[in-house]
**Student:** 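I have a structure here, written as structure tokens, and I will follow up with some questions on it.
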2 protein chains.
Amino acid sequence: MTAVTHEDVLAAAGRISGLVLRTPVLEISPGLFFKLELLQHSGSFKVRGAFNRMLSAGSLPDSGVIAASGGNHGLAVAYAAKVLGVRAEIFVPEVTSPVKVAGLGALGAHITQTGAIYSEAAEAAAKRGAETGALAVHAYDQPEVVAGQGTTGLEIMEQTGGVDTVVVAVGGGGFAAGITLGTAHGAAGPRIVAVEPERIPTLHQALRAGRPVPVKVGGVAADALGATQLGGLAFEILSGPRVESVLVSDEAIVAARRTLWARHRVVAEHAGAAAYAGLLSGAYTPAPGERVAVVVCGSNTDPATLATT
Amino acid sequence: MTAVTHEDVLAAAGRISGLVLRTPVLEISPGLFFKLELLQHSGSFKVRGAFNRMLSAGSLPDSGVIAASGGNHGLAVAYAAKVLGVRAEIFVPEVTSPVKVAGLGALGAHITQTGAIYSEAAEAAAKRGAETGALAVHAYDQPEVVAGQGTTGLEIMEQTGGVDTVVVAVGGGGFAAGITLGTAHGAAGPRIVAVEPERIPTLHQALRAGRPVPVKVGGVAADALGATQLGGLAFEILSGPRVESVLVSDEAIVAARRTLWARHRVVAEHAGAAAYAGLLSGAYTPAPGERVAVVVCGSNTDPATLATT
């Protein structure tokens, strides 16, 4: 029995309905679907978990909410706090892209940029939260967050009429874990292909070690997938039989991001293109006739980096 | 009795099914929908009309197809010709953006860049087509082209469950005319808000004059909406009671394009943002509760022009 269930995802869907977008699905060729979650409010799926965590808490303290983030989770918490009219304090590491820091400021969040990587910013946020009493909204390792992200999985199954496989990127693992729960009631359900950059293999190493272990963090997607260790909740769910872990190179991620724009007119950040890289690079090859949904999950990027002239 | 009917649009939908994408609809706020036609093959709706024209012709001549275009129609004809395995010759004016010329080359089309504006390229294409016997695929003023573009209207009504109003950009008028036919069987049907740049008012002037008249062509959207005169078929349809003509400034188009990226993570070309500019600028203001679909219709642009840093 896991700490989060399909029923929690259904409850989250009711809770956040009307606050998040039902992002569209595009069938780019027969049986191959893009879930365009990068069109979500705040530019990523993270707002689903943020709203679910905040609305599950009952009343929020005067000190509001606090979060540490590579950027996308912070943007989501800041967005949700703004909509709900509460204070948001966001800790981001120095690796966070200027686009994301600027976005946080525009949403009125109180920003502290500290630490080389996510885990250091997270430590500082935990210390600060203990002082202020603000509600901590974790980037991935809280049941309400996992359940909120899982609502993407519910939508994928409804919008596609069902798929055999969902391909999704993994950082801390909350999104992939939520989708695993959201796409099925029990052991039966679509295969979850969990794609990670070779340079941030949190799930891959956890599966080898039999538990979450620290990994080195680097590469083009580090500002969004840069957790140093898989979440405990995510491990419990992603170590199940439906999940297949694959790795992709940074070059494959860059190429997938370019193809998403050049062929499909979708502007994703590197992390948002990682899942598609899993397919394009051949790290995962669907069988003939297999119905596959690829989650394109983040767009907090500068489009200038896709210049064509 | 017009030369093109709702039934022609239904027939077109059957003909081009599987060759064009059913582009997604995103409800960005309650009752406000984006039809994301800019995610279409070749980066615009034009491929719908191109396929319908080519497939309606029966067998195609050895000399293939020929078209004149500000860019998007040429890309669509080149794309359709490649899929159908026939030769494509495309005439573009000098105003055509480098992005579009490069795209035509990548699709294997034979390109001639000639004339200052679209109408001059069109003359050259007509002369050349008379010599080679290639099938002419007009950018807007052919029944099969209007019917093909109209399939977008069918999808809008199905995907939204019905709207009161469709907001769409007008150049030569084929797309707006097709959508007018596609969204309704007869006189009753959604209002069509036809948005034009102030600097290319082909419909606005035609409605004033009681017939299509030449207009001066200029401004940021000229490479896609730069017809010098409304099509005759389009006039017949767009002079009906369901259509409301509004004008927007270039500044409003630029602002709408920036908002589409900053808030909605959609990268449109200027012409593709013109319809949304009609709403954002207040040129058309929906009533409370009015259900509105905005067609975002083209993405053949360099994302570098949306640089945020």
**Student:** How about B:V266 and A:R265: do any of their side-chain heavy atoms sit closer than 4.5 Å?
**Tutor:**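 Counting from C-beta outward, B:V266 and A:R265 never come under 4.5 Å.
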**Student:** Could you report the tightest heavy-atom contact between B:P24 and A:P24, atom names first, then the distance?
**Tutor:**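 Closest pair (atom of B:P24, atom of A:P24, distance): CB-CB, 3.4 Å.
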**Student:** Answer whether the closest heavy-atom distance between the side chains of B:L26 and A:L36 falls below 4.5 Å.
**Tutor:** no
**Student:** Which atoms form the tightest heavy-atom contact between A:D302 and B:L306, and what is the distance?
**Tutor:** OD1-O, 4.5 Å
**Student:** What distance separates A:S299 OG from B:H264 NE2, expressed to the nearest 0.5 Å?
**Tutor:**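 Output value for this atom pair is 12.0 Å.
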**Student:** Testing the basics here: between A:W261 and B:T301, what is the closest heavy-atom pair and its distance to 0.1 Å?
**Tutor:** CZ2-O, 3.4 Å
**Student:** Measure B:L38 against the heavy atoms of chain A and call it side chain, backbone, both or neither at under 4.5 Å.
**Tutor:**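 Backbone only.
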